[in-house]
Amino acid sequence: MSLNDDESSEVGMSGQTKLESFLFSCELSSKVPFYTFQADEEEEDEEELELEHFLELRTVCLGEGAKEESNVVEVTAMNHQGKTISVPIANLHISCLPMVSLGEFELKAPVTIRLRSGSGPVTVSGLHLIASQAADCDLSEDDDEDDDDEEEEEEITPIKPAKKKQK
């Protein structure tokens with residue numbers, strides 16, 4: 001299940017979690033062999049929201065001018081135990097596999113994308129997802145508003161079914 005599915009359902013139910021998505025792209029080559037995606041800490045300090053940044057990789061594609069060689073792209077991120085792990089995600093070759101679709105490959109920031117072998121250019125694209133949740137002080141105010149709505153709903157009388165006529 002993807003983060004989009006999880007967060008969308010939470011937004012509908014509680015209204016407390018918000019998910020924003022932005023286009024992401026980086027180009028790797030022999031001149032720029034890696035790119036590190038990380039959360040913007042200044043942005044988190046300024047706002048009273050708890051933010052989680054995710055990178056959803058969708059495609060890895062050879063660019064114009066790629067040579068007849070293997071271009072291996074690797075991702076380094078944290079696993080569930082908090083250890084850094086590196087995994088190759090694509091082995092591209094201009095004559096037989098110039099592009100790979102990764103689906104919705106989601107990683108929590110920080111993430112480093114590296115051109116392990118080859119000279120590129122390789123373009124990695126996807127989405128930068130930001131899940132935000134209001135801080136505790138804001139949540140208490142929202143809870144009070146929800147209670148008022150529940151009280152209004154209780155005052156509505158239920159509709160009684162029509163009685164059947166007997167012959």
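One is the number of the first residue; the rest follow in order along the sequence. Note: hydrogens, waters and symmetry copies are ignored here, and every other heavy atom, side chains too, is used.
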>> Between Thr123 and Cys26, does the side-chain contact (heavy atoms from CB on, under 4.5 Å) criterion hold? Intermediate values first, please.
In response: CA-CA 6 Å; Thr123 301; Cys26 69; over 6 Å; no
> Quick check, are the ring centers of Tyr35 and Phe24 under 6.0 angstrom apart?
Replying inline: yes
> Does the side-chain contact (heavy atoms from CB on, under 4.5 Å) test come out yes or no for Met78 and Lys83, once each step is laid out?
Replying inline: CA-CA 5 Å; Met78 297 285 237; Lys83 295 180 182 177; 5.9 Å; no
Roughly how far, to the nearest 0.5 Å, is [atom2] of [Y] from [atom1] of [X]?
X	Y	atom1	atom2	answer
Ser117	Asn91	OG	CG	6.5 Å
Glu20	Lys18	CD	NZ	4.0 Å
Arg116	Ser86	CZ	OG	7.0 Å
Glu74	Arg114	CD	CZ	6.5 Å
Glu27	Ser125	CD	OG	11.5 Å
Glu104	Leu57	CD	CG	11.5 Å

> Side chains of Thr112 and Thr76: donor-acceptor distance under 3.5 Å anywhere?
Replying inline: no
> How are the rings of His53 and His128 set to each other: parallel, tilted or perpendicular (split at 30° and 60°)?
Replying inline: tilted
Does the side chain of [X] reach to within under 4.5 Å of the side chain of [Y], using non-hydrogen atoms?
X	Y	result
Val75	Val111	yes
Glu68	Ser95	yes
Lys108	Glu52	yes
Val122	Val60	yes

Quick check: is [Y] connected to [X] through a chain of hydrophobic side chains (ILVMFWY, heavy atoms under 4.5 Å apart)?
X	Y	answer
Leu127	Phe105	no
Ile89	Leu129	no
Val72	Ile94	no
Leu55	Ile130	no
Phe37	Phe34	no

>> Going by side-chain contact (heavy atoms from CB on, under 4.5 Å), Ile113 matches just one of Leu28, Thr36, Leu107. Which one?
In response: Leu28
>> Suppose we screen for side chain to side chain contact (heavy atoms under 4.5 Å, CB included). Which residues come up paired with Met99, at least two apart in sequence or across chains?
In response: Thr59, Cys61
>> Determine whether a donor-acceptor pair (N or O, by modelled atom type, separation under 3.5 Å) exists between the side chain of Asn71 and the backbone of Ser119.
In response: yes
>> Restricting to non-hydrogen atoms, name the atom on Ser29 and the atom on Pro121 that form the minimum distance, rounded to 0.1 Å.
In response: CB-CA, 4.4 Å
>> For Leu115 versus Gly120, what's the shortest heavy-atom pair and its separation?
In response: CD2-N, 3.8 Å
